[in-house]
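Worksheet for the structure shown next.
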Amino acid sequence: MARYNFRNSEARWQKTWQDKNCFKVSEDPDRPKYYVLEMFPYPSGRIHMGHVRNYTLGDLVARYKKARGFNVLHPMGWDAFGLPAENAAIANNVPPADWTRENIATMRDQLKSMGLSYDWDRELATCEQGYYRHEQKMFLDFLKAGLAYRKESWVNWDPIESTVLANEQVIDGRGWRSGALVEKKRLAQWFLKISDYSEELLQAIDTLDRWPERVRLMQANWIGRSEGMRLEFNIKGREDRLEVFSTRADTLYGATFCAISPNHPLAEELSDGNDGLTEFIAECNRLGTSEAAIETAEKKGFDTGLEIIHPFIEEKTLPLYVANFVLMEYGTGAIFGCPGHDQRDLDFARKYDLDVIPVVAPKDADAAEFSIGNEAYLEDGIHINSEFLDGLNITDAKAAVADRLEDIGCGRREINYRLRDWGVSRQRYWGCPIPVINCDDCGVVPVPEQDLPVELPMDVSFDQPGNPLDHHPTWKDVDCPSCGKPARRETDTFDTFFESSWYFARFCCPQSAEALDRAAVDYWMPVDQYIGGIEHAVLHLLYSRFFTRALEKCGYLGLAEPFAGLMTQGMICHETYQDQDGRWLFPDDVVKNDDGKFVLASGVGDVTIGRSEKMSKSKKNVVDPELIIKEYGADTARLFMLSDSPPDRDLDWTEAGIEGAWRYINRLWRMVSEPKIEMPVSGAPMPAEIDDVAEKVRRLVHQTVAAVNGDLDRFHFNKAVARIRELTNAIEELRDQDGAAWVYRFGLETVIKLIGPMMPHIAEEMWAEMGNDGLIAELPWPDYDESLLVEDTVTIAVQVNGKTKGTVDISRDADQEAAEAVALALPSVENSLNGGAPRKVIYVPNRIVNVVV
RNA sequence: GCCUCGGUGGCGGAAUUGGUAGACGCGCCGGAUUCAAAAUCCGGUUCUGGCAACAGAGUGAGAGUUCGAGUCUCUCCCGAGGCACCA
């Protein structure tokens with residue numbers, strides 16, 4: 001029996017779609033538009049399974065929406081600037097541009113072999129000056145609009161390599177290549193004022209009703225609005241005051257210390273001539289800039305000897321510490337510690353033997369007896385030990401303390417956000433040059449617009465550590481556009497999130513001479529469905545939301561929210577394998593022997609199987625999609641991506657799963673290539689009489705279309721696949737029943753249309769094999785007949801005390817009397833009743849009868 | 001450490017609003033076909049006891065609400081993603 005020849009078929013249909021320009025689109029005001037976008041890939045070298053999943057999901061949505069009559073924009077491009085190109089340049093001596101462009105060429109071919117419905121004419125790569133030149137103009141506009149500014153900020157510094165390190169390149173406090181202890185260094189850098197939009201970005205989350213709830217929550221928490229007070233404390237023996245932000249000013253009577261960040265200006269001032277403090281700050285700085293590292297480090301403090309004067313309690317002072325857990329970026333970089341009601345403060349107090357004074361007690365507690373053990377008391381209650389606050393609950397106490405502090409000029413109510421401004425400067429070569437010039441006399445001078453673009457030079461060398469632009473002799477040296485004297489070009493480049501914050505708009509008009517063509521952007525934007533990894537839930541998506549607002553402010557486009565719908569996909573996982581020495585093994589290095597044990601493919605040797613984890617190069621648990629596509633075809637890979645797990649969950653890659661998908665495809669192919677009955681010709685009308693079995697399948701066809709529509713609309717793709725398989729099973733039953741020929745053909749044609757967006761190649765092949773005209777890629781989605789969706793009888797469960805005892809068939813919407821009668825007649829129910837009468841019978845029409853005894 | 005999500009058979013997962021737990025697929029077991037194998041087809045498959053009819057248990061652990069809980073509430077355990085310079 002003939003196997004489906006995917007090699008021949010897939011290449012042929014890909015060519016047909018291309019020759020007929022099936023997926024080329026333009027603005028058409030008469031049709032509803034639908035913009036489907038998958039997060040564009042970083043050209044790392046070859047596509048991985050995560051890409052296959054992402055683009056399979058997007059392609060399904062795009063083809064489905066097209067079949068439903070939408071004018072679908074579905075573009076693809078390359079997020080082409082970034083660190084890996086520089087790492088490759090250093091490791092293999094390849095220019096980043098060559099490395100990137102070669103990767104793009106490879107990956108484009110790989111994507112094309114998947115049969116994705118992209119309008120390839122819109123392809124773009126962010127590393128080409130035709131793209132990045134526009135963001136240089138945007139930056140100049142942001143400067144004019146007050147959305148960009150320069151300030152000093154901290155970076156990880158590798159003292160051996162004299163290089164700035166990304167957090168990723170800091171491993172256990174050391175540089176990944178040099179092994180040197182990392183230091184923090186202060187540099188002047190460019191920032192975008194995302195904090196101006198904190199409230200707006202937070203409020204607008206409510207309008208994103210087609211985003212996953214968890215992403216909305218994560219963004220809201222990231223923005224982190226909190227209402228509190230900015231307090232101003234006098235410092236004993238000094239003129240200046242210490243500013244502190246707190247959301248719990250009501251606990252001020254329980255304050256027993258204050259702490260400032262190691263990077264607080266006061267800490268730096270005090271460290272002058274204080275060796276102990278200087279060393280402590282250096283130690284804190286060795287933690288690097290990552291918040292996770294700082295927050296998980298052991299909490300430590302250094303007593304500065306300064307005393308902070310309590311604003312309410314006469315004679316009372318609080319010791320001032322420098323503490324490694326106080327972040328300069330949040331609030332004012334200083335806190336007051338109330339150990340009784342904050343766990344971190346309590347741990348700190350216990351460690352340094354500071355007082356713990358409870359100031360809030362549970363309502364029913366005896367205030368005189370209440371004390372704090374090893375757990376801070378965080379709940380509401382009544383204030384104690386707090387003079388004018390005593391007896392108040394937290395809310396009232398907050399109001400009272402705020403009024404008093406404002407009266408005496410020691411503080412004011414303030415809303416604080418956790419969100420920090422976006423630092424966009426990177427001390428790297430492979431990125432978009434920041435279009436400014438540094439002049440000794442004029443300071444920072446923007447590059448005049450007529451001099452744009454500032455092109456990234458190609459003749460650079462990675463012989464020396466650091467940013468090659470810093471040692472490029474001619475590119476860097478320019479005349480000041482303002483005074484004409486010799487000056488230096490800015491050698492920092494933009495964060496690559498800059499490129500990914502507007503590419504979705506550029507896809508609407510990729511060839512436009514201006515950054516954005518308003519007419520095209522107005523027609524296509526917003527993106528109706530954005531699809532990508534959950535790892536981008538906060539940063540990329542939040543930056544894009546801000547950037548769109550910034551572009552709106554500067555007149556580039558006319559909307560605030562770029563993504564109306566969002567679907568986040570889970571990751572691809574695979575079992576991990578290690579040899580006897582603990583070395584990771586590729587799946588291909590491992591085989592199952594005759595006893596079912598896993599051994600080394602190269603010979604005998606034990607293999608330890610680890611649990612399934614996210615596919616990663618470091619653990620070698622990767623499967624190359626190209627090999628899978630070559631061995632099984634794109635449709636098989638696509639089906640597997642859709643069938644096993646729902647899109648937002650992690651997916652386990654298994655060889656058995658791909659085999660199962662391949663078997664199904666062959667089964668489908670046999671159903672058209674080797675029918676056992678004479679099928680009616682294409683388009684034949686339904687016969688007047690259909691036998692019972694066939695009629696049941698005919699109804700199932702309609703029911704399946706309706707159900708699949710619902711599943712696809714809600715992204716329950718795995719359920720849609722399951723339903724289509726069920727329908728396939730039912731149709732196959734008719735395969736040798738002559739009287740069912742019409743329904744067989746009708747069912748099969750419907751199945752073909754339903755699988756079209758999932759497995760586009762075999763759908764076309766089957767459609768053509770059956771003698772039909774047209775392309776599935778261009779045919780409308782099947783309709784269904786509403787009247788065939790409901791059956792006259794339903795099977796309902798019969799329970800006794802909530803435990804299922806059996807089922808009964810009953811006419812739809814039967815009344816309670818009828819349902820009770822059949823339920824009570826069930827032998828197992830009679831048994832349970834033991835001759836007695838039920839206490840009560842609960843009946844939910846078309847669902848259950850529950851007999852309570 | 002903080003924010004977020006998840007945990008259901010041997011495995012991936014189904015289960016509108018609280019209403020038949022295990023759809024569909026994988027794997028496994030048995031059978032057909034075959035000289036044999038692959039492929040294909042048929043049947044079975046949550047666990048425990050039983051030849052069976054059937055009985056009992058069962059959705060990470062423990063408690064609670066309810067006629068009824070995978071679904072709601074509380075406490076706990078485990079895993080994953082993010083934490084601002086990986087993309």
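The chains referred to below are lettered A, B, ... by the order of the sequence lines, with proteins before strands, and numbering in each begins at 1. Since the model is a prediction, treat every value here as computed from it, not as a measurement.
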Are any protein N/O atoms closer than 3.5 Å to N/O atoms in nucleotides 62-65 of chain B? If there are, list each pair with its distance.
none

Whole-Å gap separating [atom2] ([N]) and [atom1] ([X]):
X: L165(A); N: rC86(B); atom1: CG; atom2: P; value: 11 Å
X: D644(A); N: rC26(B); atom1: CG; atom2: C1'; value: 7 Å
X: M107(A); N: rA87(B); atom1: CE; atom2: P; value: 14 Å
X: R714(A); N: rA14(B); atom1: CZ; atom2: P; value: 13 Å
X: L217(A); N: rG82(B); atom1: CG; atom2: C1'; value: 14 Å
X: M218(A); N: rC5(B); atom1: CE; atom2: P; value: 8 Å
X: Q569(A); N: rG6(B); atom1: CD; atom2: P; value: 17 Å
X: R216(A); N: rG81(B); atom1: CZ; atom2: P; value: 24 Å

Do [X] and [Y] have their ring centres less than 6.0 Å from each other?
X: F6(A); Y: W662(A); result: yes
X: Y132(A); Y: F81(A); result: yes
X: F547(A); Y: F498(A); result: yes

Checklist entry - Do we see a donor-acceptor contact under 3.5 Å between the side chains of N54(A) and E38(A)? => result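 Checked: N54(A)/E38(A) side chains show no N/O donor-acceptor pair below 3.5 Å.
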Checklist entry - Do we see a donor-acceptor contact under 3.5 Å between the side chains of T289(A) and N167(A)? => result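 There is such a pair (donor and acceptor under 3.5 Å, judged by atom type) between the side chains of T289(A) and N167(A).
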Checklist entry - With S643(A), which residues qualify under side chain to side chain contact (heavy atoms under 4.5 Å, CB included), at least two apart? => result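 For S643(A), the residues satisfying side chain to side chain contact (heavy atoms under 4.5 Å, CB included) (neighbours in sequence not counted) are L639(A), V721(A).
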Item to check | Pairing residues for S153(A) by the side chain to side chain contact (heavy atoms under 4.5 Å, CB included) criterion, not counting sequence neighbours | outcome: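 For S153(A) the side chain to side chain contact (heavy atoms under 4.5 Å, CB included) partners, ignoring immediate neighbours, are Q189(A), F191(A).
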When you measure from the side-chain N and O atoms of [X] to the phosphate of [N], is any distance below 4.0 Å, counting only OP1 and OP2?
X: R649(A); N: rA14(B); result: yes
X: N729(A); N: rC24(B); result: no
X: N221(A); N: rC2(B); result: no
X: R420(A); N: rA84(B); result: no
X: T807(A); N: rU20(B); result: no
X: R670(A); N: rC41(B); result: yes
X: T496(A); N: rA87(B); result: yes
X: T289(A); N: rA84(B); result: no

Give [X] one of three labels, base, sugar-phosphate or nothing, depending on what nucleic acid heavy atoms sit under 4.0 Å from its own.
X: H536(A); answer: base
X: W422(A); answer: nothing
X: L419(A); answer: base
X: N666(A); answer: nothing

Distance between the [atom1] atoms of [N] and [M], in whole angstroms?
N: rG1(B); M: rG56(B); atom1: P; result: 45 Å
N: rA61(B); M: rC2(B); atom1: P; result: 25 Å
N: rG18(B); M: rC11(B); atom1: P; result: 29 Å

By side chain to side chain donor-acceptor pair (under 3.5 Å), which residues pair with [X], not counting sequence neighbours?
X: H536(A); answer: none
X: Q343(A); answer: D347(A)
X: N850(A); answer: none
X: T100(A); answer: W430(A)

Next on the checklist: Nearest heavy atom decides the nucleotide; on that basis, is P646(A) or E168(A) closer to the 5' end of RNA chain B?
Outcome noted: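 Comparing both residues, the 5'-ward one is P646(A).
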Next on the checklist: Both Q189(A) and T296(A) contact RNA chain B. Taking the nearest nucleotide for each, which residue is further toward the 5' end?
Outcome noted: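 Of the two residues, T296(A) wins.
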Sort me out a list of protein N/O and nucleotides 66-70 of chain B N/O pairs below 3.5 Å, or just none if empty.
unit_1	atom_1	unit_2	atom_2	d
rC67(B)	O2'	N850(A)	ND2	3.4
rC67(B)	O2	N850(A)	ND2	2.4

Compare the minimum distances between each of [options] and the side chain of [X], then state the nucleotide with the smallest one.
X: R418(A); options: rA84(B), rU20(B), rG19(B); result: rA84(B)
X: E291(A); options: rC85(B), rG12(B), rG1(B); result: rG1(B)
X: V155(A); options: rC83(B), rC85(B), rU20(B); result: rC85(B)
X: V844(A); options: rA87(B), rA84(B), rG19(B); result: rG19(B)
X: T804(A); options: rU4(B), rG12(B), rU20(B); result: rU20(B)
X: N718(A); options: rA14(B), rC85(B), rC24(B); result: rA14(B)

Checklist entry - Which residues within residues 655-664 of chain A lie with some heavy atom under 4.0 Å of an atom in RNA chain B? => result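 Within this stretch, A656(A), G660(A), R663(A) sit under 4.0 Å of the strand.
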Item to check | Set of salt bridge (Lys or Arg N to Asp or Glu O under 4.0 Å) partners for D713(A), sequence neighbours left out | outcome: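 D713(A) satisfies salt bridge (Lys or Arg N to Asp or Glu O under 4.0 Å) with no other residue.
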Checklist entry - For rG9(B), is chi within 90° of 0 (syn) or not (anti)? => result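 It is syn.
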Checklist entry - In which stems does RNA chain B show up, taking only runs of three or more Watson-Crick or G-U wobble pairs whose two distances fall under 3.5 Å? => result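 RNA chain B stems, ordered by first number: B:1-7 with B:77-83, B:10-12 with B:24-26, B:27-32 with B:40-45, B:46-49 with B:54-57, B:60-64 with B:72-76.
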Item to check | NZ/NE/NH1/NH2 to OD/OE distance under 4.0 Å, R216(A) and E213(A) | outcome: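 Salt bridge flag = yes for E213(A) with R216(A).
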Item to check | W190(A): ring pair (Phe, Tyr, Trp, His ring centres under 6.0 Å) partners, not counting sequence neighbours | outcome: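 Partners of W190(A) under the ring pair (Phe, Tyr, Trp, His ring centres under 6.0 Å) test: F139(A).
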Item to check | Non-hydrogen atoms of L651(A) and M641(A) that approach each other most closely | outcome: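 Minimum heavy-atom separation between L651(A) and M641(A): CD2-SD, 3.7 Å.
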Next on the checklist: On a heavy-atom basis, which atom in A125(A) and which in Y131(A) lie closest, and how many Å separate them?
Outcome noted: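 Smallest heavy-atom distance, with atoms named: O-CB, 3.7 Å.
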Establish whether the base of [N] is bridged to the side chain of [X] by a donor-acceptor pair shorter than 3.5 Å.
X: R723(A); N: rC24(B); result: no
X: E535(A); N: rC83(B); result: no
X: R847(A); N: rU17(B); result: yes

Checklist entry - Picking from W222(A), F494(A), F497(A), what satisfies ring pair (Phe, Tyr, Trp, His ring centres under 6.0 Å) with Y543(A)? => result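 Passing option: F497(A).
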